[in-house]
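To find a chain, count down the sequence lines: A is the first, B the second, and so on, and within it residues start at 1.
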Amino acid sequence: MLWRSDTRIGVASLLGGLFVVLVLGGQWALDPSIAAATSCTTNPQAQVEAQGINSNGNGYSNAIGEKTDIWINPSQNDTCPRVSSIGVMYTATGSVAEAGYWEQSGYSTTVFLEWWTPITGYGEKDAGSPGSADQYRTFRIQDLNQDGVWSAFIGSTNYDSTPNIGGSLVEGTPLDNGERHLSTDSEYAQFNNMEGYPANGAGYTYVYDITMYLDTDGSSGYNCIWESYVSNYVKQQTPTCSGY
Amino acid sequence: MMTWTRGSQRKVAALIGFVLAFGLGGLLAGGAFFGGATQKPHTGLSISAGPLPDRCRNAPTTIEAAQALDPQVAVAPNSDLANMSSLSLVVWCPYPTLVERFQSWAWIVIEPNPVADPVNEFTQVSSDNQGVILTQVNGSPGIESSPDPSLQRPGAVEFVSGGDYVGVYGNGSIPLAGLIGIADSIVFPSTPSPSPSAGTSPTSDPSTTVGVVTP
């Protein structure tokens with residue numbers, strides 16, 4: 001039976017579609033890096049956090065905003081997501097508003113805003129690229145009028161805001177955070193010019209110093225490295241942040 | 001009523017082909033490039049949420065010492081899930097915010113109320129967040145939410161009473177009814193502390209008298 005030309009076009013399209021499916025499906029099945037990626041964990045396998053402290057040696061507990069430069073470094077060849085971020089945490093509940101970027105597999109970086117309180121649970125919004133690599137970008141997370149809505153900025157751009165997440169996060173401790181989701185990946189992160197905005201304060205001011213806040217990386221090598229009273233790294237080096 | 005012609009059959013076949021080529025193909029390509037890990041991870045700042053003593057940066061105290069320091073804040077519930085004899089942790093986080101954790105893994109956070117208009121605040125939070133419901137605890141305004149693993153929500157009741165802002169939280173397995181029972185059982189002293197205290201910046205920490213460890 002001879003096929004009409006319009007029928008041939010339809011069948012050819014079907015075969016073409018099947019070809020694409022088979023080729024890409026085969027690639028997906030055979031690429032070992034893809035199989036390895038499935039071991040990425042939803043929750044971080046390790047994280048290193050530092051906090052800004054006051055001149056009395058205590059951590060801030062009344063920051064209504066944090067502003068810090070984060071180094072955009074997407075060249076770590078990670079298999080799983082790697083995160084560099086800042087945030088204000090109410091330590092009594094763990095409630096937090098967080099801004100930063102996450103990296104996927106070494107070539108894609110995405111700005112995000114994230115929050116968690118026990119009453120609202122977890123929420124997250126992605127917001128595009130942080131810009132080209134190998135530069136500092138200034139991130140800011142704040143709720144200056146303490147209305148429960150935390151706004152995230154990169155540079156001067158307010159890229160997103162939380163819903164009203166309520167009274168369990170009115171103020172808190174300014175933190176920076178480096179984390180990885182696979183134990184063989186990098187956890188590298190770099191922060192500079194940490195500033196806090198104290199409640200009833202006149203504006204953003206440099207923190208008095210930076211100390212270790214949390215380290216779940218065990219002995220695998222990534223640590224909080226004190227660089228100056230307003231800057232620190234998360235990298236493979238003997239830890240130098242106080243608080244260990 | 002639409003009738004099927006050969007022309008429309010051709011179009012349907014072509015459409016299926018394009019869907020296969022650019023739809024399924026695209027999905028598999030995405031899977032190939034991103035390895036199924038494209039989902040945004042839950043990041044570290046939030047994942048350790050909860051009343052971890054190392055986040056409070058203070059040494060634990062006792063309920064008796066806390067009540068001696070601030071009887072307005074250091075209140076305790078009296079329910080099966082949480083009572084004075086089942087306390088497993090009391091810590092200022094920092095003063096004047098008190099965390100109490102119980103053997104049931106229920107935990108309470110109490111502080112001088114920082115919210116100027118609780119009814120309005122709770123109404124907005126309820127409106128903005130799915131699953132957060134307006135409630136009352138012994139006639140006081142509040143909000144509640146059930147445990148929800150997909151949102152990492154442990155179950156919670158928050159309310160304002162006696163000049164305090166009180167949060168009663170679970171661990172994901174305690175039903176909301178149990179948390180409400182804990183909230184209902186809290187008895188406040190008759191004299192409320194000053195309220196609201198939003199924006200106050202404590203210049204001293206009296207809890208240092210009960211064993212505060214600073215970083």
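- Residues of residues 171-181 of chain B never come within less than 4.5 angstrom of chain A, heavy atom to heavy atom.
- Every residue two or more places apart in sequence or in another chain that forms a ring-ring contact (aromatic ring centres under 6.0 Å, His included) with A:Tyr197 is listed here: A:Tyr204.
- For the residue pair B:Asp148/B:Ser150, the side-chain donor-acceptor check at 3.5 Å is satisfied.
- For the residue pair A:Gln51 and A:Tyr60, no side-chain donor N or O sits within less than 3.5 Å of a side-chain acceptor on the partner.
- For the pair A:Asn164 (side chain) and A:Val149 (backbone), a donor-acceptor distance under 3.5 Å is absent.
- Checked by atom type, the side-chain pair A:Asn177/A:Ser85 shows a donor-acceptor distance below 3.5 Å.
- For B:Asn120, the side chain to side chain contact (heavy atoms under 4.5 Å, CB included) criterion is met by B:Asp117, B:Gln124, not counting sequence neighbours.
- Chain A is approached within less than 4.5 Å, heavy atom to heavy atom, by B:Asp128, B:Asn129, B:Val132 from residues 126-137 of chain B, ordered by number.
- Contact of A:Asp147 with chain B is made through the backbone alone, with heavy-atom distances under 4.5 Å.
- The closest donor-acceptor contact from the side chain of A:Trp150 to the backbone of A:Trp115 lies at 3.5 Å or more, if one exists at all.
- For the pair B:Asn58 (side chain) and B:Trp92 (backbone), a donor-acceptor distance under 3.5 Å is present.
- Using cut-offs of 30° and 60° for the angle between ring planes, the B:Tyr165 and B:Phe122 rings count as tilted.
- When each of A:Gly148, A:Gly166, A:Gly178, A:Gly100 is scored by its heavy-atom pairs under 4.5 Å with chain B, the top score falls to A:Gly166.
- For the pair A:Asp78 (side chain) and A:Ser186 (backbone), a donor-acceptor distance under 3.5 Å is present.
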